[in-house]
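Each remark here refers to the structure printed beneath this line.
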Amino acid sequence: MANRWETVIGLETHVQLRTVSKMFCGCSAAFGAPPNTNVCPVCLGLPGALPVPNELALKLAVRAALGLGCTVHPRSLFARKNYFYPDLPKGYQISQFEQPLATAGSLSYLSPDQGIATATIVRLHVEEDAGKSLHDRFPKQTAIDLNRCGVPLIEIVTGPDFRSPHEARAYLLTLKQVLEYAAISECDMEKGSLRVDANVSVRRAGETALGTKTEVKNINSFAFVEKALTVERDRQIAVLEAGGTVAQQTMLYDSKTNSVRPQRSKEESHDYRYFPDPDLPPLMLSEEFVAEQQTQLPELPAKKRERFVEKYGLSVTDAAVLTAERAVADYYETVVHAGSGADAKLAANWVMTEVLADAKDHGERLRVQPGALAGLISLVRGGTLSHQAAKRVFSEMAEHGGEPRNVAEALGLTQVADTGVVAGWVSEVLGAHPTEVERYRKGETKLLQFFVGQVMKVSRGKADPKLAQRVLEERARSLGDLK
Ligand code: ADP
Ligand code: ZN
Ligand code: MG
């Protein structure tokens with residue numbers, strides 16, 4: 001049924017810029033201060049108070065625009081978006097409407113449906129946030145916190161480019177990566193520093209005109225973006241299949257029940273009576289200012305991913321994992337270049353498995369020094385440590401630090417390459433597995449790997465596996481079987 005319908009999604013993402021102060025006044029923009037303590041005449045809209053744009057916010061907005069390949073306009077306009085809401089004391093939000101800061105960008109991302117895909121960035125503009133209505137502080141009453149009033153935001157609007165909820169999510173995660181790399185925003189959905197309004201419509205497969213869209217709000221995690229869009233998409237399909245029509249409206253997502261309900265009929269932009277803010281002159285940005293922001297951008301994830309593939313011979317997926325976070329990518333490269341240099345692919349495997357797993361359990365800290373990991377990898381390569389033993393050394397170093405060789409010796413893990421000792425373990429294993437020995441004798445030669453595994457086990461990872469294999473092979477050859 002559902003495959004007779006095509007899903008169309010466009011995202012509007014609000015991102016809080018990483019500044020100390022607000023967009024048009026000197027109040028702190030920090031999250032979590034006691035309610036209504038970060039306010040002043042400007043952000044409260046008291047008579048006679050005048051806004052002054054925050055230069056760092058403008059720099060960060062321009063960096064975001066450049067990072068997303070947008071054209072940054074030398075002249076843009078601040079406009080008033082007028083509406084009443086209890087958490088909006090001025091009665092309007094300063095935003096940009098007709099002449100936004102930047103337009104016509106794109107972001108390439110790894111789509112789960114179609115591989116590398118490109119989302120168009122229709123526009124990126126600067127605006128200020130509104131306050132917050134809190135419904136859970138006092139029974140049956142709404143409390144207002146105006147700390148967020150005037151906090152600097154950018155809004156990033158895509159074209160109707162996504163064809164599935166998980167594709168929309170993949171784009172968002174990539175957008176977050178770019179903004180985090182360039183230190184533009186913390187992008188924490190739970191703290192509200194990244195918020196998404198998700199527009200969705202459906203149309204019959206093959207149709208070219210867009211269907212009527214709804215806008216889903218109140219989504220506060222990346223996983224919920226996908227869920228909310230799925231629920232709303234399915235609701236629209238059900239309405240259309242029953243012969244009804246989709247009403248253009250704003251829907252609120254409830255994550256507890258995984259359902260949507262209409263909030264209000266969607267307002268049109270003319271309802272907001274936008275007009276240029278008479279208190280703010282047009283925003284003029286010099287070529288030098290914009291060029292300077294370009295120099296402040298680091299290598300962004302897509303570029304880094306491509307470079308990792310080229311330079312280190314990694315697969316696209318591995319390179320994508322390693323470049324998802326800048327700190328991890330930097331760590332990886334330090335490991336590869338540490339000392340005499342670690343093998344790039346081995347290092348990639350270590351970082352993607354042990355390092356990331358350990359970080360996940362320890363507040364995203366990368367606990368083993370990159371130099372120590374590089375040393376550990378060479379001990380494995382040189383045959384001093386088995387891979388299994390190296391994992392134990394890794395955990396030990398994560399907990400208590402230390403140099404890999406010292407730690408391995410202290411744990412008694414350095415690999416035993418003494419043929420006599422290994423031969424002893426081989427005998428022990430053969431003696432303990434008469435059934436497998438019998439099967440081996442009957443021609444099941446692939447059991448050799450099983451025996452090697454058992455030798456590693458009884459030696460608690462200390463046997464040199466290559467030596468163990470050789471001893472086993474010799475035993476089989478000289479005796480015709482393994483007895
Ligand atoms: P509005 O005026 O309602 O805000 P916009 O044209 O500004 O609508 O688009 C807002 C967002 O909705 C954009 O991300 C856009 O790509 C997306 N969008 C527009 N039309 C549709 C549609 N029919 N289906 C899905 N998304 C859409
Ligand atoms: Zn203020
Ligand atoms: Mg719009």
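All values reported here derive from a predicted model rather than from experimental measurement. Both ligands and their constituent atoms are indexed starting at 1 by order of listing.
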Are any of the N/O atoms in [X] less than 3.5 Å from those in ligand 1?
X	value
I9	no
V157	no
T212	no
Q248	no

Quick check on contacts: which atoms of ligand 1 are under 4.0 angstrom from a heavy atom of [X]?
X	value
G211	23 (N)
G10	14 (O), 16 (O), 17 (C), 26 (N)
V8	24 (N), 25 (C)
G159	16 (O)
L11	14 (O)

Legend entry - Apex the Zn ion (ligand 2); atoms C40 SG and C27 SG; angle rounded to 10 degrees: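 Nearest ten degrees: 100°.
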
Inset, instruction - Can you tell me, to 10 degrees, how wide the angle at the Zn ion (ligand 2) is between SG on C25 and SG on C43? - result: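 That angle works out to 110° after rounding to 10°.
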
Inset, instruction - Please determine, by modelled atom types, if H125 and Q99 share a side-chain donor-acceptor pair under 3.5 angstrom. - result: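 On atom types as modelled, these side chains do not qualify, holding no pair under 3.5 Å.
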
So between [options], whose heavy atom ends up nearest [atom]?
atom	options	result
atom 16 (O) of ligand 1	T158, T7, T120, I156	T158
atom 11 (C) of ligand 1	D161, N199, T250	N199
atom 24 (N) of ligand 1	A119, A198, P160, S201	S201

Inset, instruction - Mark yes when over 12 heavy atoms from residues, nucleotides or ligands other than Q114 sit less than 6.0 Å from its CD; otherwise mark no. - result: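 Yes - once you tally the heavy atoms of other residues, nucleotides and ligands closer than 6.0 Å, there are more than 12.
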
Inset, instruction - For Q263, look at atom CD and say whether over 12 heavy atoms of other residues, nucleotides or ligands are found less than 6.0 Å away. - result: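 It does: Q263 CD has more than 12 such atoms within range.
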
Given 3.5 Å as the limit, does a donor-acceptor pair link the side chain of [X] with the main chain of [Y], or not?
X	Y	value
R326	Y181	yes
Q293	F289	yes
N147	N36	yes

Could you check whether the rings of [X] and [Y] sit parallel, tilted or perpendicular, using 30° and 60° as the cut-offs?
X	Y	answer
Y109	F162	perpendicular
F308	Y332	tilted
F78	F24	perpendicular

